[in-house]
Number of protein chains: 2
Amino acid sequence: MEAPTTVVSTRIADALREQILSGAMAPGERIRQEELAEEFGASRIPVREALRILVTDGLVTMVSNTGAWVSSLSQAECIEQYLIRERIEPLLLRESMPHLTAANVERLSELTAAMESSTDVASFMKLDREFHLLAYSAAPNGTLAEIIHRLWNTTQHYRRAYSEMVRGTSLDVTHLEHRLLFDAIVRGDAEDAERTLTGHIQRTRRELEKHPEVFEVEGT
Amino acid sequence: MEAPTTVVSTRIADALREQILSGAMAPGERIRQEELAEEFGASRIPVREALRILVTDGLVTMVSNTGAWVSSLSQAECIEQYLIRERIEPLLLRESMPHLTAANVERLSELTAAMESSTDVASFMKLDREFHLLAYSAAPNGTLAEIIHRLWNTTQHYRRAYSEMVRGTSLDVTHLEHRLLFDAIVRGDAEDAERTLTGHIQRTRRELEKHPEVFEVEGT
DNA sequence: TACCTTAATATTGGATACAAGAGTCATTTG
DNA sequence: CAAATGACTCTTGTATCCAATATTAAGGTA
């Protein structure tokens, strides 16, 4: 689906990004350049460039002369990022709504249904992510979209950890919020959509605040 | 004053950042790796790393197999960034205020005075930037601070272009807003500070909206 | 034993050299 | 004359090699 970039560093960055987002690489994990180089059959140069790309994405942290790690967040940092999202994500949604196509809305509808019947954490997360990002995708706001994508990326691991922790618990409230959000989008009611989304992010943040265990284990 | 990093790529990035922020390099300007390498007496490797660092800062745009340019914004993009700032900068200020030291406040006071008596654009911009960023600097919010610093950086050139365009025009309103902001900070009135800052950014945005000329000339 | 010093090792940073892709411009062809 | 083709040039991308820094382990000293 994606253009098979001829540029090795980009390919490595894409692969690594996927590994981090999927959970195959955990926050705090050390990344050794030579290991990666060997894994991808390349030299360390494109690996280093790939790492820099992922720094831009907020997924990797580099320290001079020391090394690179998969970025990790403390509970406070993660909460902080949710607070930021509360303030700006509704703005992006508002800007996106008028430009959503019928096909977009149809897909959003499918996604809400699919989320409700999804059973495992991995697929729920995939659907949830697609639902939200698709809802924002029609916005002409490039910078805002980038910032929000970054925030989704950096917090992804902790969303997953939380989801796995409360697995089995009912997601009724979440599903309801998604329904309400979807309805507001269909009606083109920006006010309501903004308010609902703010509440949705807020509630999720409060859930995370109740579960410091999610953030244990890892260093910086 | 700064630790004289032994890492060349960082030094190059710092120097380039300074050049871009000071206006010595204009948005849209092409950056050739070899030129820079020669200029800094280094090879292209650290230059490339420096460019990636500046991509993270939002100051440089790179395209595979094509090259790098000093990032430039259209009027719409710049306005967009101001809208983002309106939503999140007050948040950072609120988080910072309780942690500001007496020395910080003293410095803020000096800066408001200095701004009022500054004559040239360059020094006003320096003071204005220090005033704002210092006011936010005590916040424990790393991510938010980073985002806002990026936004200040990417919009800096256009602030300067605007300032130079309206040079001679009275800055009374701006100075008043700074005074009001400073007062709110001294009183520890977060509500008022947030409101005042929001208004300040908003008003600046509207000024930019009135002056599309500021954004002419450059491509992408 | 605890702590500091010092040497060995592992890992990152950078220079040189080469390969590959994109862009340019003259030439050819309809 | 316009458009397409091709070679040439410029610039970026990568591999290999070497240098510098950080980390670890070992040994010695209080």
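Shown here are the side-chain hydrogen bond (donor to acceptor under 3.5 Å, both in side chains) partners of A:Thr204, two or more places apart in sequence or in another chain: there are none. In this structure B:Ala135 satisfies the side chain to side chain contact (heavy atoms under 4.5 Å, CB included) test together with B:Leu93, B:Leu108, B:Ile185, sequence neighbours excluded. Scanning for ring-ring contact (aromatic ring centres under 6.0 Å, His included) contacts around A:Phe182 gives an empty result, with sequence neighbours left out. For the side chain to side chain contact (heavy atoms under 4.5 Å, CB included) test, residues two or more places apart in sequence or in another chain that qualify with A:Trp69 are A:Arg30, A:Val63, A:Thr66. In this structure, the side-chain hydrogen bond (donor to acceptor under 3.5 Å, both in side chains) partners of B:Thr143, at least two apart in sequence or on a different chain, are A:Gln81. Under the ring-ring contact (aromatic ring centres under 6.0 Å, His included) criterion, B:His99 pairs with no residue, sequence neighbours left out. Taking the ring-ring contact (aromatic ring centres under 6.0 Å, His included) definition, one finds that B:Phe124 meets it with nothing, sequence neighbours left out. Considering only residues two or more places apart in sequence or on other chains, B:His211 meets the ring-ring contact (aromatic ring centres under 6.0 Å, His included) condition with B:Tyr162. Take A:Glu49 and apply the side-chain hydrogen bond (donor to acceptor under 3.5 Å, both in side chains) test, not counting sequence neighbours, and it matches B:Arg48, B:Arg52.
A 4.0 Å heavy-atom criterion places the boundary nucleotides of DNA chain D facing chain A at D:dG13 to D:dT23, written 5' to 3'. Think of the region where chain B sits on DNA chain C: with heavy atoms and a 4.0 Å cut, that region ends 5' and 3' at C:dG13 to C:dA22.
Residues from residues 35-48 of chain B lying near DNA chain C, meaning a heavy-atom separation below 4.0 Å, are B:Ala42, B:Ser43, B:Ile45, B:Pro46 in numerical order.
A:Leu51 comes within 4.0 angstrom of no nucleic acid atom, judged by non-hydrogen atoms across all strands. Nucleic acid contact for B:Ile12: none, since no nucleic acid atom lies under 4.0 Å from a heavy atom of the residue.
In summary, of the residues considered (A:Glu89, A:Glu86, A:Glu194), a salt bridge (charged side-chain N to carboxylate O under 4.0 Å, His left out) with B:Arg87 occurs for A:Glu194 alone.
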